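First up is the structure itself, then whatever we jot down about it.
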Amino acid sequence: MAKKAILIFGPPNSGKGTQAKLLADKFGLFQFTTSQLAKDYMKESSDPETLRQIELYKQGILFEPAWTLRVVQEKTREIFEKAKGIVYDGSPRTLYEAEGLYLLLVELFGKENIFIFEFKINESELLRRLAKRLVCSNNTSHSFIAGAASDAAGAQNMSIGQPCPEGDGILEKRDLDKREIFGARMDEYNNRTVPGIEFLRSKHPLVEIDGGQSISKVHRDIAKALNIK
């Protein structure tokens with residue numbers, strides 16, 4: 001089977017990470033979470049350009065496009081060689097990145113093996129989800145719902161401080177999930193990410209998904225569009 005590149009877009013808390021993980025686990029794809037890979041990169045580098053990104057991250061502002069594209073392209077080429085495919089969790093995040101990454105994906109995967117999804121969801125639901133989301137301390141791409149049951153946690157309701165069901169540290173609130181920076185993150189998405197989505201829409205088929213549905217129904221709609229079970 002040909003390698004696939006799957007891009008999932010949506011505003012903060014729309015479920016991109018959850019669906020990317022489901023696809024990655026079910027079909028053996030690499031879950032490409034830009035924020036996590038960028039944070040790992042920042043821990044390993046101390047050049048002035050990288051240090052600037054750390055300050056932007058703390059404010060809920062997107063990383064600088066040129067720096068992000070460099071990291072994403074390097075990691076994409078590296079992962080392509082060993083993975084069955086890649087599912088991008090919210091990347092690319094700006095028009096500049098979209099233009100650069102799309103060309104690379106066409107080169108590596110072929111246009112017929114690229115699938116792009118956009119989640120549509122209202123802001124009140126986004127805020128409700130933000131209040132309940134927990135992540136693993138050592139890998140924020142693993143996200144869970146506070147109060148939900150977890151077999152890995154002995155069927156207890158998940159809460160802050162419990163062991164992460166994925167084994168990556170403990171459950172905690174993600175630093176980007178602070179209510180006070182939600183507005184800034186939405187502004188970033190609308191002003192910088194949406195133009196990138198529109199660029200991709202002009203170049204490639206894009207499937208809109210009702211992100212307000214249950215996790216299973218969203219996954220069903222994505223799998224249907226991918227023509228896989």
Side-chain angles (χ1 to χ4, degrees), residues 1 3-41 62-63 68 71-73 75-76 78-80 82-94 97-98 101-102 104-105 108-109 113-121 125-126 129-130 132-136 138-145 148 164-168 171 174 176-177 185 189 193 196-197 200 204-229:
M1 186 175 67
K3 294 185 178 184
K4 288 180 170 60
I6 302 171
L7 285 68
I8 302 178
F9 291 98
N13 312 307
S14 59
K16 301 184 297 295
T18 297
Q19 295 300 327
K21 186 176 188 306
L22 285 173
L23 290 170
D25 290 347
K26 190 171 183 178
F27 303 111
L29 309 177
F30 181 90
Q31 182 181 352
F32 196 111
T33 305
T34 304
S35 58
Q36 184 63 45
L37 288 172
K39 286 171 72 174
D40 293 342
Y41 188 93
L62 297 182
F63 302 127
T68 305
V71 173
V72 170
Q73 287 181 325
K75 293 296 183 182
T76 293
E78 176 185 319
I79 295 163
F80 176 79
K82 53 189 179 183
K84 294 180 180 179
I86 304 175
V87 53
Y88 291 85
D89 169 8
S91 190
R93 301 189 176 195
T94 65
E97 294 164 42
L101 181 59
Y102 184 69
L104 178 61
L105 294 181
L108 294 176
F109 293 89
N113 296 312
I114 300 172
F115 300 86
I116 307 175
F117 298 93
E118 181 186 13
F119 291 176
K120 296 293 189 178
I121 186 169
E125 175 63 13
L126 296 175
R129 294 182 180 185
L130 179 145
K132 296 174 71 72
R133 178 160 64 178
L134 300 175
V135 297
C136 296
N138 295 332
N139 189 337
T140 58
S141 67
H142 298 152
S143 63
F144 304 90
I145 300 172
C164 173
E166 295 289 340
D168 287 321
L171 293 173
R174 192 171 68 144
L176 282 181
D177 284 348
R185 295 182 66 207
Y189 178 77
T193 301
I197 296 173
L200 293 170
H204 200 91
L206 190 151
V207 179
E208 293 186 357
I209 300 287
D210 178 3
Q213 302 178 97
S214 67
I215 292 173
S216 61
K217 288 182 178 179
V218 171
H219 180 69
R220 177 204 62 195
D221 288 351
I222 293 174
K224 182 179 179 181
L226 291 171
N227 196 28
I228 53 180
K229 297 181 180 179

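Nothing fancy with the numbering, it's 1 onward along the sequence. Everything numeric in this text was worked out from a predicted model, so none of it was measured.
- Environment of NZ in K3: crowded, with over 12 heavy atoms of neighbouring residues, nucleotides or ligands closer than 6.0 Å.
- K120 is linked by a side-chain hydrogen bond (donor to acceptor under 3.5 Å, both in side chains) to E118, counting only residues two or more places apart in sequence or in another chain.
- A donor-acceptor pair is defined here as one N or O able to donate and one able to accept, closer than 3.5 Å; no such pair exists between the side chain of Q19 and the backbone of G15.
- Taking every heavy atom of both residues into account, Y189 and P11 meet most closely at CZ-N, 3.5 Å.
- Considering CD1 of I86 and CG of L108, their distance stands at 7.5 Å, rounded to 0.5 Å.
- Side-chain contact check for P92 versus T68: every heavy-atom pair is 4.5 Å or farther apart.
- Put simply, the side chain of V71 does not reach to within 4.5 Å of the side chain of F63, judged on heavy atoms.
- Distance check: D221 CG to F119 CZ gives 9.5 Å after rounding to the nearest 0.5 Å.
- Atoms CD and CG, from E97 and L104 in turn, are 13.0 Å apart once rounded to the nearest 0.5 Å.
- Contact between G17 and Q31 at its shortest, heavy atoms only, is O-NE2, 3.4 Å.
- Note that CD1 of I79 and CG of L29 are 11.5 Å apart. Values are rounded to the nearest 0.5 Å.
- Scanning both residues, R129 and G211, for their nearest heavy atoms gives NH2-O, 2.8 Å.
- Closest approach of I116 and P205 over heavy atoms only: CB-O, 4.1 Å.
- Here the straight-line distance linking atom CG of N13 with atom CD1 of I121 works out to 8.5 Å at 0.5 Å rounding.
- We find the CG-NZ distance between L23 and K4 to be 11.0 Å, quoted to the nearest 0.5 Å.
- Between F117 and the choices L7, I222, V218, the side chain to side chain contact (heavy atoms under 4.5 Å, CB included) rule is met once, by I222.
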#### Entry: CA sep, side-chain torsions, deciding dist, call: T76, L105, side chain to side chain contact (heavy atoms under 4.5 Å, CB included)
CA-CA 9 Å; T76 293; L105 294 181; 4.2 Å; yes
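- With F109 as the partner, the ring-ring contact (aromatic ring centres under 6.0 Å, His included) test is satisfied by one option alone out of Y102, F80, F115, Y88: F80.
- Using the six-membered ring where Trp is involved, F27 and H219 have ring planes that are parallel, under 30° apart on the 30 and 60° scheme.
- Listed here is the closest heavy atom pair of I197 and L206: CG2-CD1, 3.7 Å.
- Between the side chain of H204 and the backbone N or O of I114 there is at least one donor-acceptor pair closer than 3.5 Å.
- Residues forming a ring-ring contact (aromatic ring centres under 6.0 Å, His included) with F30 (at least two apart in sequence, or on another chain): none.
- Residues A20 and V87 share a closest heavy-atom pair of O-CG1, 3.6 Å.
- Qualifying salt bridge (charged side-chain N to carboxylate O under 4.0 Å, His left out) partners for E208, counting only residues two or more places apart in sequence or in other chains: R201.
- In this structure, the side chain of K16 engages the main chain of G10 through a donor-acceptor pair within 3.5 Å.
- Side-chain contact check for Q36 and D89: no donor-acceptor pair (N or O, by modelled atom type) lies under 3.5 Å.
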